[in-house]
Amino acid sequence: VVLVFTAIVGTTAWYVSRLQNELLKTVALSDAAHYSSALEQFRTLYTSEVVATAIEHGLTVTHDYKDQSAAIPLPATLSMLLGKSLGDRGKGGSSRLYSPYPFPWRKHEGGLRDEFDRKAWESFQNRPNEPYYRFEVGEHGSMLRYATADLMREDACVDCHNSHPDTPRTGWHVGDVRGVLEVTLPLASVEEHTERGMRRMITLLLFLGGAGAAAVLMIVRTWTASHQRLEEAHEDLKRTQGQLVHAGKLAGLGELSAGIAHELNQPLAAIKMLSELMLAEPEADHAADHSLILRQTERMSKIVDNVRSFARQTPLELVSIASADPLRAALELVGEQLRVHGVTLILDIPDEIPTVLADIGSLQQVFLNLIVNARDALDSVPEEGEKILRISVKEESGFVAFKFVDSGPGLTSDVAGKVFDPFFTTKSTGKGTGLGLSLSHGIVEKHGGSIRCKPKSALGGAEFVVRIPRGDFG
Amino acid sequence: VSEESESDRQITVIAVDDDAAIRSFLPRVFAHFGFSSSVVKSGADAITLMGERTFDIALLDFQMPKMNGLELSHWIIEHHPNTAIIIMTGQASDAVLEEALEIGVFQCIRKPLPNLDMLGAVMKAAVLRKQSTQA
């Protein structure tokens, strides 16, 4: 940003300085042209209005008019005098009249004295109507030297120049270039003035540029800070959501704990009884008993593993897994409960089913929620009614659909619209947290899948369908 | 039938449990106590078998699909009032167990059992109680 602003300020300063320089030159040229034409005009008027009348009245017109009586200066003499006196007044311009043919009394100051004089004279031989000028740096700083051709304008001039006893040249005609009228304009003071202006402008530009850069920096910093705050808030939200998922899991675990106790109690009771029996039969062969005990402990390990993976708080890790795996993991935890609650479980899992891209623990949690909800719904089925939970898995255009249908009372459409809302529950206080389905919804969405609910199904109860992207497409 | 032969006769037991592992060694447990036994996996099987013969003791698991221990107890009390009922449970609430005792179940035992001999003692006590009430 600072670099960009420096570049902008630099370019602007350079451009303005160039523009000002151009302007300065243009103004100087125009000044010089005015000056030159004013001198010209003055001499023409003097010649026609004064000199002519003076001659009629018998006055002498000469360069040394001071030394003679009844004499006035020659037009050229007066012009040079005027130029000199203007120049003597200081800062304004000065003027000079010269030619390669100086009169004898002007030998030391007339004539072509330097290169500029010669070039100007040469130029006017071909282009008498175009001014010749040059910007030069002299001892008093830079200046403009502006030359115009001095022409023989009138017969009176020609006559006099051709007939004057001291004339350095004869044979003049009207329109001939007689000499060079040079106006010199010093530019030092103007330049100094504009330089001061430039310096002020650059300072102003630098200040404005600096302020602009600071403003942009401040805006960028503010934006970065607010962006960072937003990011932090987002992180916080994600963390909170993670905690909520964990809390939901633990709440679910609480609901399940009674069932898990029963699951563990069965093999425990079997092992205990059998061990005592073995102690009571010291002579018998217990090989079969040992393997039965081993099977019971494996059964218990499996339950413990399942509980542990369920409760673990890990980030979602999507990998390609067998579609039936998360379902079986969930049934591992609640299968016994379904049996105890008298629920007939119908599993419809085809042999050939694509894999899913899923986090097994999270999906297990989703299925567990749906199964426990179905179990609770089926508890309200009267004695003579059938308690059926049918879970089917099938491939559905890029997804694997897990459908849970029960023969419970179903949902009212009012309830069906709210089941995914957090903390919405129809269960009695202490039994449900109201988080299960809302968390399930979140988990399924993170899988890029969907979860839908129908209040009534073919079996009479609710229908939930979870769609998870296939794992063999990635 | 003399009183003596009545008490000498081998005690018969029907056990109902839906857990295959437990069913596999239950007959040996009863043999250890000196009882003869039949072990079945559900209430329906028990009702079928008890339609053919009677037992001194019915040892019932409480948590079973379709018909639980309490429901089966109702049927046994109605059809076989001389059979002593013992319920084993890992999960049932106190209220349910109280209800069982009220309808005439002899004893409820929580699983896992404190020890095997206690089960034997309770079963023998149940038989004695039945005989004394009949007497």
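The figures here come from the full heavy-atom set of this structure, side chains too, leaving out hydrogens, waters and symmetry mates.
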In short, A329(A) meets Q364(A) closest at the heavy-atom pair O-NE2, 3.3 Å
Looking only at atom types and distance, does a side-chain atom of S392(A) sit under 3.5 Å from a main-chain N or O of D348(A), one as donor and one as acceptor? no
Heavy-atom donor-acceptor pair, K403(A) side chain to K394(A) backbone, under 3.5 Å: no
Counting only N and O atoms by type, is there a donor-acceptor contact under 3.5 Å from the side chain of H80(B) to the main-chain atoms of G51(B)? no
Any chance the rings of F402(A) and F464(A) have centres within less than 6.0 Å? no
Is a donor on one side and an acceptor on the other found under 3.5 Å between the side chain of K456(A) and the backbone of P409(A)? yes
Can you tell which part of M88(B) gets under 4.5 Å to a heavy atom of chain A, answering side chain, backbone, both or neither? side chain
Where the side chain of E276(A) meets the backbone of L116(B), is there a donor-acceptor pair that is under 3.5 Å apart? yes
Identify which part of R295(A) has an atom lying under 4.5 Å from any heavy atom of chain B, answering side chain, backbone, both or neither. neither
Just verifying a value: how many Å separate L389(A) CG and N373(A) CG, rounded to the nearest 0.5 Å? 11.0 Å
What residues of residues 102-113 of chain B make heavy-atom contacts with chain A at a cutoff under 4.5 angstrom? K111(B), P112(B), L113(B)
When I271(A), L292(A), L274(A), L268(A) are compared by non-hydrogen pairs under 4.5 Å with chain B, the top option: L274(A)
Structural part of Q266(A) lying under 4.5 Å from a heavy atom of chain B: both
May I ask you to list the residues in residues 28-48 of chain B that approach chain A closer than 4.5 angstrom, counting heavy atoms only, ordered by number? R28(B), V29(B), H32(B)
Between T12(B) and D56(B) (side chain of the first, backbone of the second, donor and acceptor by atom type, cut-off under 3.5 Å), is there such a pair? yes
Side-chain (R23(B)) to main-chain (D17(B)) donor-acceptor, under 3.5 angstrom: yes
Not counting sequence neighbours, list each pair that qualifies as a salt bridge (Lys or Arg N to Asp or Glu O under 4.0 Å) and has a residue in residues 114-124 of chain B. none
Strictly by side-chain hydrogen bond (donor to acceptor under 3.5 Å, both in side chains), give each pair with a member in residues 68-77 of chain B just once, sequence neighbours left out. W75(B)-H79(B)
Partner chain B: residue of S275(A), A269(A), P267(A), A270(A) with the largest heavy-atom pair count (under 4.5 Å): A270(A)
